[in-house]
Protein chains: 2
Amino acid sequence: MAVPEGVPELPTGPGIDPACPLAAFPFQVGGKWTGMVLVALADGPQRFSSLRQALGSVTAKVLTQTLRDMARDGLVTRLDRQENPPHVEYGLTDLGRSLTPVIEAMRAWSDRHLAELLVHRERNGDLAVDR
Amino acid sequence: MAVPEGVPELPTGPGIDPACPLAAFPFQVGGKWTGMVLVALADGPQRFSSLRQALGSVTAKVLTQTLRDMARDGLVTRLDRQENPPHVEYGLTDLGRSLTPVIEAMRAWSDRHLAELLVHRERNGDLAVDR
DNA sequence: CGGCATCCTATGAGATACTG
DNA sequence: CAGTATCTCATAGGATGCCG
């Protein structure tokens, strides 16, 4: 529980830098997808579906919830173009962008130390036998 | 869910800097207590009970699990002095210490931007009506 | 396309009681 | 003192199906 999920199966979807170290960061930022959304939107606004592809295996429902919560907290903006078919764009607010250094710190850590953590974990086995 | 818990009721136990900004960081690092453990051990090893007091409201069971997972991942060491009454000390490994910059980034963020996030959240109400 | 509505399950985490 | 052992509960998050 120190680390919610095994890294190997973490969602490094195409769209995001395939080797994105953040995807491998074993500590979550907010919800499971919050950190990835911040990264994905760092280079500019994205549409819902585009974002969804970038994140890989997230379901529409979960992504919607993540974005709603982030919007509530003032981290992302939601721009509905009122078109048909629907066209909604999400982008970072200044507040959302202010988290960049944190994300970067995580990214840097993963680059340098994640491998070692994984070695430890494998050596000590998944203690999570049952519990 | 972008932010697991309301900050107000976050565990800012005595022992840790009462105004520890990390305690207020709305994004979790690993488990609910993992980040606080890293902070608490930053200044040197601590005994189980001492650590528990520092964290405030954590139960023994949960703290044990947190520490076990962290030990498994090579973040903390566990030193059992084999005494009676029992005396066990936990300390950071180099790997654990390597997370300091990340923790600091979070701490800094909370200092500067947490208030704003909370304003947004209150303004937009707890969207988490039910779910 | 960008969602909801529903249902479901795994599990993080707290409460309580007991032990070497 | 430093844990276990149970029980319980809330909820994050996934699956599926429908809609404007």
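Throughout, protein chains are lettered first and strands after them, A, B, ... in sequence-line order, and every chain is numbered starting at 1.
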- prompt: Base, sugar-phosphate, or nothing for B/R78, non-hydrogen atoms under 4.0 angstrom?
  reply: sugar-phosphate

query: Any idea which of D/dT4, D/dC1, C/dG3 is nearest the B/S49 side chain?
result: D/dC1

task: Kindly give the heavy-atom pair with the smallest separation between B/P21 and B/D111, and that separation in Å.
output: CG-OD1, 3.3 Å

Distance-only donor-acceptor test (3.5 Å): side chain B/K61, base D/dG3: no

- request: Give one of base, sugar-phosphate or nothing for B/R52, where a contact means two heavy atoms less than 4.0 Å apart.
  value: nothing

message: Distance check needed: D/dG3 P versus B/E83 CD, whole Å only.
response: 14 Å

task: Looking only at side-chain atoms of B/Q28, point me to the closest of D/dT4, C/dA13, C/dC4.
output: C/dA13

- prompt: Taking side chain as C-beta onward, heavy atoms only, is B/E104 less than 4.5 Å from B/R107?
  reply: yes

query: Tell me: CG of B/N84 to P of C/dT19, nearest whole Å?
result: 17 Å

task: Return no unless some side-chain N or O of A/Y90 is found under 4.0 Å from OP1 or OP2 of C/dG3.
output: yes

- request: Give the minimum heavy-atom separation between A/V58 and A/R52, together with the two atoms involved.
  value: O-NE, 3.2 Å

- request: Could you check how far CZ of A/R81 sits from P of C/dG3, rounded to whole Å?
  value: 13 Å

message: Is A/R47 close enough to C/dC1 that one of its side-chain N or O atoms is under 4.0 Å from OP1 or OP2 there?
response: no

statement: Nearest-nucleotide check on DNA chain D, B/H87 vs A/P86; residue mapping nearer the 5' end is B/H87

message: With a cut-off of less than 4.0 Å, is there a side-chain N or O of A/T59 near OP1 or OP2 of D/dA15?
response: no

message: Rounding to an integer number of Å, can you tell me how far B/L51 CG sits from D/dC1 P?
response: 14 Å

statement: Among D/dA2, C/dG3, C/dA13, the one nearest any side-chain atom of B/F48 is D/dA2

statement: Distance col, row B/L67:CG vs B/R78:CZ, nearest 0.5 angstrom, shows 9.0 Å

task: Specify the closest pair of heavy atoms between B/L55 and B/A40, including all atoms of both residues, with the distance to one decimal.
output: CD2-CB, 4.3 Å

query: Rounded to whole angstrom units, what separation is found between the CG atom of B/D69 and the C1' atom of D/dG3?
result: 15 Å

message: Distance check needed: C/dG14 P versus B/Q65 CD, whole Å only.
response: 10 Å

- prompt: Between B/M70 (CE) and C/dG12 (P), how many Å, whole number?
  reply: 16 Å

- prompt: With a 4.0 Å cut-off on heavy atoms, is B/P85 in touch with a base, just the backbone sugar-phosphate, or nothing at all?
  reply: sugar-phosphate

field: Euclidean distance, atom CG of residue B/L63 to atom P of C/dA15 [Å, nearest integer]
entry: 14 Å

